[in-house]
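In what follows, a structure is listed as structure tokens, so that the remarks can point back to it.
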Amino acid sequence: MGDLQYHIRCKAGDVGEVVLLPGDPGRVEPIARLLDSPRLIARNREYVTYTGTLDGRAVSVCSTGIGSPSTAIAVEELAAIGATTFIRVGTTGSIQKDVHFADLVIATGAVRDEGTTPSYVPMSYPAVADFELVNAMISAARVAKQPAHTGIVRSHDALYADLHASEMPRREELEGAFEIWHRARVLCNDMETSTILVICALRNLRGGSVLTVVNEPGEESIDPARVAALDLTPMFRVALAGAGQMAPAKA
């Protein structure tokens, strides 16, 4: 423990116990500006890491890139240098008609429909968010009067297979799966949450996820201009305020 990590290029002392995990490196600096005295720690591959303070406590932000494989690397390497609380902050596509564009979703658990975590543990193992962290983010959203849905999300690997299911060779299977998740009240799709939750549970760490909806059921594309104009700050603030309520992890 403590050695310079190969991919994220950080070492012990570089990051706080709490780390926010956006997928997009471009979102790291806007989150870091919400902290006191943020400083760039490292920039390598898809991993950009900043550390600042929140109420005197060190907090970091590290991008993961898109998808579960690179996210697993970030969580493993950050945990190796002392991080204990991980919160995904990212965008998501709604599966339910009452979960709308710009809504927040706080995950209580995730469907493991990705290919990374089966290498860690059998598929019968659940991807469950840390109970205290979920409650802290729900409380933070209420205090901020920021409406948020709470429930199960689905993490998967193939964005365009989902968006353009009707054009895919496995069309019937993909469309049938979407209907199953809809009936099962799974709220939305992302590509990273389940991996964060599984690795955190296996490593005795705290994992959570808060997401912002950027497309709704039936939309076969994501409008870049519409998403670029969307203010993601409420999501970042809910994550930070929730993390701020958490006591330091026990050694």
Side-chain angles (χ1 to χ4, degrees), residues 16 18-38 48-55 57 59-64 66 71 85-110 129-155 186-193 196-197 206-217 219 222-246:
V18 173
V19 185
L20 268 60
L21 299 171
D24 183 358
R27 292 176 182 153
V28 174
E29 290 186 36
I31 301 171
R33 286 196 291 269
L34 300 176
L35 303 174
D36 296 323
S37 304
V48 177
T49 305
Y50 273 74
T51 295
T53 61
L54 183 68
D55 297 325
R57 182 182 184 185
V59 174
S60 297
V61 188
C62 178
S63 54
T64 64
I66 296 173
T71 298
T85 301
F86 298 84
I87 306 175
R88 166 156 163 72
V89 284
T91 52
T92 186
S94 172
I95 298 176
Q96 303 298 330
K97 292 182 179 179
D98 59 345
V99 179
H100 300 295
F101 181 84
D103 285 358
L104 295 189
V105 174
I106 297 171
T108 57
D130 180 85
F131 180 77
E132 292 184 4
L133 185 53
V134 168
N135 281 339
M137 289 195 290
I138 292 172
S139 175
R142 287 174 178 163
V143 168
K145 295 182 170 53
Q146 183 67 47
H149 305 271
T150 305
I152 299 169
V153 307
R154 166 181 170 257
S155 298
V186 174
L187 299 180
C188 58
N189 293 312
D190 86 332
M191 302 180 75
E192 296 85 11
T193 293
I196 294 168
L197 302 187
R206 300 187 292 206
S209 177
V210 55
L211 308 167
T212 300
V213 175
V214 295
N215 79 315
E216 299 189 25
E219 296 178 349
I222 300 171
D223 184 344
R226 189 185 187 201
V227 175
L230 180 61
D231 183 10
L232 299 178
T233 306
M235 171 177 64
F236 304 150
R237 291 195 182 279
V238 164
L240 290 170
Q245 295 179 38
M246 304 293 291

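Atoms considered below: every heavy atom in the structure, side chains included; atoms not considered: hydrogens, waters and symmetry mates. Keep in mind that this is a model prediction, so the values were computed, not measured. We number each residue from 1, following the sequence as shown.
Under the 3.5 Å distance criterion, the side-chain polar atoms of S63 are matched with a main-chain donor or acceptor of V48. Not one N or O on the side chain of T212 forms a donor-acceptor pair closer than 3.5 Å with the backbone of L232.
Scanning for salt bridge (charged side-chain N to carboxylate O under 4.0 Å, His left out) contacts around D98 gives R185, with sequence neighbours left out. Judged as a side chain to side chain donor-acceptor pair (under 3.5 Å), and not counting sequence neighbours, T53 has no contacts. Residues satisfying the side chain to side chain donor-acceptor pair (under 3.5 Å) criterion with D55, sequence neighbours excluded, are absent altogether. Partners of T85 by side chain to side chain donor-acceptor pair (under 3.5 Å), not counting sequence neighbours, listed by chain and number: R206. The side-chain contact (heavy atoms from CB on, under 4.5 Å) search around A110 returns A127, V153, S155, T193, S194, L197, not counting sequence neighbours. Under the rule for a side-chain contact (heavy atoms from CB on, under 4.5 Å), the partners of S60 that lie at least two apart in sequence or sit in another chain are V15, V19, T51. Under the rule for a side chain to side chain donor-acceptor pair (under 3.5 Å), N215 has no partner lying at least two apart in sequence or in another chain. Contacts of E219 classified as salt bridge (charged side-chain N to carboxylate O under 4.0 Å, His left out), with partners at least two apart in sequence or in another chain: R226. With sequence neighbours left out, E216 forms a salt bridge (charged side-chain N to carboxylate O under 4.0 Å, His left out) with no residue at all.
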Report all side-chain donor-acceptor pairs from residues 28-36 shorter than 3.5 Å, counting only partners two or more places apart or in another chain.
| unit_1 | atom_1 | unit_2 | atom_2 | d |
| --- | --- | --- | --- | --- |
| E29 | OE2 | Y50 | OH | 3.4 |

May I have the list of side-chain donor-acceptor pairs in residues 234-246 shorter than 3.5 Å, sequence neighbours left out?
| unit_1 | atom_1 | unit_2 | atom_2 | d |
| --- | --- | --- | --- | --- |
| Q245 | NE2 | A136 | O | 3.2 |

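Note that the CZ atom of R154 and the CD1 atom of I95 stand 6.0 Å from one another [nearest 0.5 Å]. Between the CD1 atom in I87 and the CG atom in L133 there is a gap of 4.5 Å [rounded to 0.5 Å]. Going from atom OG1 of T108 over to atom CZ of F131 covers 11.0 Å, rounded to the nearest 0.5 Å.
When all heavy atoms are compared, the tightest approach of I106 to A148 is CD1-CB, 4.0 Å. Counting all heavy atoms, side chain and backbone alike, P22 lies closest to C62 at CD-O, 3.4 Å. Of all the heavy atoms in N189 and T92, the pair that sits closest is O-OG1, 2.5 Å. Closest heavy-atom contact between A102 and L230: CB-CD1, 3.6 Å.
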> Could you go step by step and tell me if E192 and L21 meet the side chain to side chain contact (heavy atoms under 4.5 Å, CB included) rule?
Replying inline: CA-CA 10 Å; E192 296 85 11; L21 299 171; over 6 Å; no
>> Quick one, T91 with R27, criterion side chain to side chain contact (heavy atoms under 4.5 Å, CB included). Give me CA distance, side-chain angles, the key distance, then yes/no.
In response: CA-CA 11 Å; T91 52; R27 292 176 182 153; 3.5 Å; yes
> Given C188 and L211, is the side chain to side chain contact (heavy atoms under 4.5 Å, CB included) satisfied, shown in steps?
Replying inline: CA-CA 9 Å; C188 58; L211 308 167; 4.1 Å; yes
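The closest side-chain heavy-atom distance from V213 to H100 is not below 4.5 Å.
Listed by first and then second residue, the salt bridge (Lys or Arg N to Asp or Glu O under 4.0 Å) pairs involving residues 132-151 amount to none (not counting sequence neighbours).
Environment of CD1 in I66: sparse, with no more than 12 heavy atoms of neighbouring residues, nucleotides or ligands closer than 6.0 Å.
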